[in-house]
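Input: a single structure, listed below in C-alpha cells.
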Amino acid sequence: MKRFGAIALIAVLASCAGTEPRTSDYEPPPISAGAVIEAIPSADPVSRTGNKSPYTVLGKQYEVMSSAKGYSEEGIASWYGMKFQGRLTSNGEVFDVYRATAAHKSLPLPSFVRITNLDNQASMIVRVNDRGPFVDDRLIDVSYGVAVRLGFADQGTTRVRIDVIDVSGTDDWRETESADYRRLQLGAYETRASAEAMATAVSEVLGSSVALTVSEVSSGQRFIYRVRLGPVTGTDSAEQLSLIQSTLRNNGLPEGQRLP
C-alpha cells in the first residue's frame, strides 16, 4: 500500500467496506476445497503501513490492537473475490482470491488465526493481511478460496469463531524492516511435482543467478511444497526484488510475496 500512499489506502479500505460479496463482488473460476492451501504461521515483520492506529473509514474510527495474544471471538464472516483480485491489501501484499488470507478491523497485520465455521466445524489457518469488513456487524472477511474451504462460498456469510495462533517460538522477524526483505515466496502446492514445475518455469525466465528452493512443510495433517527464491545479496535488495517481480509478471508468472 505504501506505493500509493494514504489516498489509495483509504480507497481500498472503503471499497472493501461497502461490498456485499454476493451482489457487488463476483466469484472467480471454481476451485476445490482441497486445493486451497492453509497458511503456515510465522512471526513475520509487523506491517508499517497496515497498522496505523487509530484510522477512520466511512466516518467511523477504529483502533488496531497492540497485541493479538489470546484473541478469540465469534461473529459473522463474509468473503471477497474478483472485484479485489490483484489489488494491494492494507499491508501492501497483492490480493489473490485463492490464497488463505483475510481482513479484520483491529488485529495487528499480519496475524495468523484459525477460523472455524460454526455451522459445519470446518476450520483452517489464514493470514490476516487486510482491513475490513466495514459493513453491518461482520467480524471478518475471507478470500473466496477460504470460503470454499470452510463451506460457505455459496451462501455468502456464516457464523465463525476466530482463534489467534501464537507464533512465539518460531523464527521471529516482527522487528524487521521491509527494506531488509531478501526472499520471495512464489507459491505453496499440494504436490512436489507442481512445486517443481513452478520452480523450473521461474528458472527458465531468471536463469541460475538467484537460488530457488522447493521445501516440504507440515501443514496440519498433511504436507505442502513451498517454492522460494533468494536470498538476494547486497544493500539494494529491495530494488533487486522489484526487478525480479517485474520480470516474473511480464512473463505471466506469479510475482510472489516478499519475505525477510
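- Here CG of Leu186 is found 7.5 Å from CE of Met198. Values are rounded to the nearest 0.5 Å.
- Using a 4.5 Å cut-off between side-chain heavy atoms of Ile, Leu, Val, Met, Phe, Trp and Tyr, with links allowed through other members, Val210 and Leu243 fall into different hydrophobic clusters.
- By the 4.5 Å heavy-atom criterion applied to side chains, Met65 and Ser53 are not counted as neighbours.
- In this structure, a donor-acceptor pair under 3.5 Å is present between the side chains of Arg258 and Gln245.
- Counting heavy atoms from C-beta on, the side chains of Ser143 and Phe95 come closer than 4.5 Å.
- In this structure, Arg161 and Leu118 have side chains that are in contact, with non-hydrogen atoms separated by less than 4.5 Å.
- Between the side chain of Lys83 and the backbone N or O of Tyr26 there is no donor-acceptor pair closer than 3.5 Å.
- Side-chain contact check for Thr158 versus Leu150: every heavy-atom pair is 4.5 Å or farther apart.
- Using a cutoff of 4.0 Å between basic side-chain nitrogens and carboxylate oxygens, Arg159 and Glu74 are scored as salt-bridged.
- Residues Lys60 and Leu58 are not in side-chain contact: their nearest non-hydrogen atoms beyond the backbone lie 4.5 Å or more apart.
- Formation of a donor-acceptor pair under 3.5 Å by the Asn251 side chain with backbone atoms of Leu253 is not found in this model.
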### Message
Does Phe134 form a side chain to side chain contact (heavy atoms under 4.5 Å, CB included) with Asp141? I'd like the steps, not just the answer.
### Response
CA-CA 9 Å; Phe134 304 103; Asp141 246 354; over 6 Å; no
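- Summarising the geometry of Ala153 relative to Tyr144, their closest heavy-atom pair is CB-CE1, 3.9 Å, with the distance given to 0.1 Å.
- Residue Leu259 is not grouped with residue Tyr181 when hydrophobic side chains (ILVMFWY) are merged at heavy-atom distances under 4.5 angstrom, including chains of intermediate members.
- A distance-only check finds no donor-acceptor pair linking the side chain of Ser246 to the backbone of Ser242 [under 3.5 Å].
- By the 4.5 Å heavy-atom criterion applied to side chains, Arg131 and Leu109 are counted as neighbours.
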### Task
Decide yes or no on side chain to side chain contact (heavy atoms under 4.5 Å, CB included) for Leu229 and Leu212, but give the supporting numbers first.
CA-CA 5 Å; Leu229 177 152; Leu212 283 165; 3.7 Å; yes
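- The distance between the ring centers of Tyr71 and His104 falls below 6.0 angstrom.
- In this structure, the side chain of Thr89 engages the main chain of Asn129 through a donor-acceptor pair within 3.5 Å.
- For the pair Val94 and Glu255, the tightest heavy-atom approach, listed with the atom from each and the gap, is CG2-OE2, 2.8 Å.
- Side-chain contact annotation: Asp130 with Tyr80, donor-acceptor N/O pair under 3.5 Å present.
- One distance of note links OG of Ser194 with CD1 of Ile224; it measures 12.5 Å at 0.5 Å rounding.
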### Message
Run the ring pair (Phe, Tyr, Trp, His ring centres under 6.0 Å) test on Tyr189 and Tyr225 for me, step by step, so that the C-alpha distance in whole Å, both residues' side-chain angles and the decisive distance to 0.1 Å come before the verdict.
### Response
CA-CA 5 Å; Tyr189 300 87; Tyr225 298 90; 9.3 Å; no
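- Side-chain atoms of Thr116 never come within 3.5 Å of backbone atoms of Val160 as a donor-acceptor pair (strictly under, hydrogens ignored).
- Note that the CD atom of Gln185 and the OG1 atom of Thr213 stand 9.0 Å from one another [nearest 0.5 Å].
- With hydrogens and angles disregarded, no donor-acceptor distance shorter than 3.5 Å links the side chain of Thr56 to the backbone of Gly59.
- Leu107 has its side chain within reach of Val128: a pair of non-hydrogen atoms, C-beta onward, lies under 4.5 Å apart.
- The two residues Gly75 and Leu139 have their closest heavy-atom pair at N-CD2, 3.6 Å.
- Residues Glu239 and Leu241 fail the side-chain proximity criterion, which asks for heavy atoms closer than 4.5 Å.
- Heavy atoms only, all atoms of each residue included: Val214 and Ala199 are closest at CG2-CB, 4.0 Å.
- Gln240 places a side-chain N or O within 3.5 Å of a backbone atom of Thr233 that can act as its donor or acceptor partner.
- Tested against Ser123 for a side-chain hydrogen bond (donor to acceptor under 3.5 Å, both in side chains), the candidates Glu38, Arg149, Arg114 yield a single pass: Arg114.
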### Task
Give the intermediate values and the outcome of side chain to side chain contact (heavy atoms under 4.5 Å, CB included) for residues Phe152 and Asn117.
CA-CA 8 Å; Phe152 72 94; Asn117 184 344; 4.2 Å; yes
### Message
Applying salt bridge (Lys or Arg N to Asp or Glu O under 4.0 Å) to Glu93 and Arg127, what does each step give before you reach the verdict?
### Response
CA-CA 11 Å; Glu93 298 171 3; Arg127 188 171 189 267; 2.5 Å; yes
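- There is no side-chain donor-acceptor pair under 3.5 Å between Thr200 and Ser203.
- Under the 4.5 Å side-chain heavy-atom criterion for Ile, Leu, Val, Met, Phe, Trp and Tyr, Ile76 and Val142 are members of distinct hydrophobic clusters.
- Here the closest non-hydrogen pair linking Pro110 and Val46 is CD-CA, 4.3 Å.
- Nearest heavy atom pair, residue Val126 against residue Ala102, reads CG2-CB, 3.9 Å.
- The backbone N or O of Tyr55 lies less than 3.5 Å from no partner atom in the side chain of Gln61, so there is not a single donor-acceptor pair.
- Atom-to-atom distance recorded for Gln155:CD and Trp79:CH2 is 12.0 Å, nearest 0.5 angstrom.
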#### Entry: From CA spacing to verdict: side chain to side chain contact (heavy atoms under 4.5 Å, CB included), Val164, Phe112
CA-CA 6 Å; Val164 161; Phe112 290 86; over 6 Å; no
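- Arg182 places a side-chain N or O within 3.5 Å of a backbone atom of Gly234 that can act as its donor or acceptor partner.
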